[in-house]
2 protein chains.
Amino acid sequence: MALRRGSLIGEYIRRQRQQAKMSLRQLAAQAGVSNSYLSQVERGLRKPSAAILNQIARGMHISSQALYVQAGLLQDRSPHSDALAAIRGDTTITGRQRQVLIDIYESFRKEKPARDSRHRLDSSDEPRSQTRLAR
Amino acid sequence: MALRRGSLIGEYIRRQRQQAKMSLRQLAAQAGVSNSYLSQVERGLRKPSAAILNQIARGMHISSQALYVQAGLLQDRSPHSDALAAIRGDTTITGRQRQVLIDIYESFRKEKPARDSRHRLDSSDEPRSQTRLAR
DNA sequence: TCAGATTGTTCGCAATTGCAAGCAGAGCTG
DNA sequence: CAGCTCTGCTTGCAATTGCGAACAATCTGA
């Protein structure tokens with residue numbers, strides 16, 4: 001049997017983890033799953049249950065929804081997670097810092113090919129960020 | 001015994017099914033799961049995976065979210081205004097832009113009491129400058 | 001009354017999930 | 001070099017999922 005699973009969920013997790021500069025074990029510990037299992041999940045050898053996805057999401061500080069969507073368990077839904085609102089409501093940083101973030105965020109939004117009218121569905125990052133495995 | 005699980009998900013499904021005046025087998029067929037399994041799920045003897053929940057939701061014409069919430073796999077709404085989570089989940093900007101925001105955000109939090117001002121917004125090991133983002 | 005259809009349920013069993021433990025390398029530090 | 005720690009990966013193994021196939025009740029209808 002081929003394991004040619006979509007595995008986009010696994011790749012997504014790995015990408016997010018690396019972007020957050022976490023080791024596999026680190027994330028595993030933080031999420032409360034075993035590192036071995038997480039390894040297999042990331043490589044698409046195993047298909048994690050929703051409960052596990054949930055834990056992973058929490059461990060990575062991303063929304064469960066985002067993961068579910070990636071896993072194909074949930075379509076679409078709430079494309080606007082409203083980062084702005086979250087930033088504005090964040091009290092762990094100063095007002096000045098908040099304003100900086102907001103400014104940057106908004107400049108990003110403008111920079112984007114905002115031509116797109118309808119909400120985008122694919123959500124994923126750049127298509128070409130290929131892992132380049134040191135080793 | 002001792003299966004006194006929460007099983008609210010099961011009860012919920014059964015209630016919805018009966019309200020729709022469907023038989024267990026009918027729903028099972030429409031959802032593409034076995035009737036035996038559906039029976040066990042409804043009585044809380046088994047904990048269905050998200051994939052199964054998805055199929056059931058489709059078979060009952062209710063939203064997947066509703067079921068996930070009932071199953072405790074998803075919280076009703078965005079629970080917190082976790083800025084990091086929101087940024088990570090934001091699909092209206094590119095992954096690189098996200099990463100920039102995240103880096104800045106984290107540097108802000110590290111900054112703590114403006115004493116140790118180690119502004120290291122960059123210093124990344126990734127060549128993300130001049131990301132002109134085609135498309 | 002007896003065959004047939006429908007209801008929900010129980011009973012194995014193959015396949016899968018998820019874990020603990022242990023493996024091979026890379027990267028340091030003395 | 002040895003020793004330690006980090007990285008991710010592989011290997012059994014118990015527990016669980018999910019299904020097919022039967023089972024007991026109930027409701028027809030001829």
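Chain naming here is simple, since letters A, B, ... match the order of the sequence lines and numbering starts at 1 in each. Just so it is clear, the model here is predicted, and its values are computed rather than measured.
Here the C1' atom of nucleotide D:dC19 and the CG atom of B:L38 are 13 Å apart, to the nearest Å. In this structure, B:E42 atom CD and C:dT10 atom C1' are separated by 16 Å, rounded to whole Å. Across the protein-nucleic acid pair, A:E11 atom CD and D:dG8 atom C1' stand 17 Å apart, rounded to whole Å.
Applying the side-chain contact (heavy atoms from CB on, under 4.5 Å) rule to A:R25 yields the partners A:S23, A:N35; only residues at least two apart in sequence or on another chain are considered. In terms of the side chain to side chain donor-acceptor pair (under 3.5 Å) criterion, residue partners of A:S34 (sequence neighbours excluded) are, by chain and number, A:S36. With sequence neighbours left out, the salt bridge (charged side-chain N to carboxylate O under 4.0 Å, His left out) criterion links A:R46 to no other residue. With sequence neighbours left out, the side-chain contact (heavy atoms from CB on, under 4.5 Å) criterion links B:Q30 to B:M22. Residues satisfying the side-chain contact (heavy atoms from CB on, under 4.5 Å) criterion with B:R15, sequence neighbours excluded, are B:Y12. Here A:S63 pairs with nothing under the side chain to side chain donor-acceptor pair (under 3.5 Å) rule; sequence neighbours left out. Remark: A:N54 engages A:S64 in a side chain to side chain donor-acceptor pair (under 3.5 Å) (not counting sequence neighbours).
Atoms CD1 and CD1, from B:I104 and A:I104 in turn, are 3.0 Å apart once rounded to the nearest 0.5 Å.
Counting all heavy atoms, side chain and backbone alike, B:R88 lies closest to A:A20 at NH2-CB, 3.6 Å.
A heavy atom lying under 4.0 Å from DNA chain D marks the following residues of residues 49-58 of chain B, by number: B:S49, B:I52. Contacts of residues 17-27 of chain B with DNA chain C (heavy atom under 4.0 Å): B:R17, B:S23, B:L24, B:R25.
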I'd like a list of close polar pairs between nucleotides 10-13 of chain D and the protein, N/O only, cut-off under 3.5 Å.
residue : atom : partner : partner atom : Å
D:dT10  : OP2  : A:R43   : NH1          : 2.6
D:dT10  : OP2  : A:R43   : NH2          : 3.4

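Under the 4.0 Å criterion applied to side-chain N and carboxylate O atoms, A:E11 and A:R43 are not assigned as salt-bridge partners.
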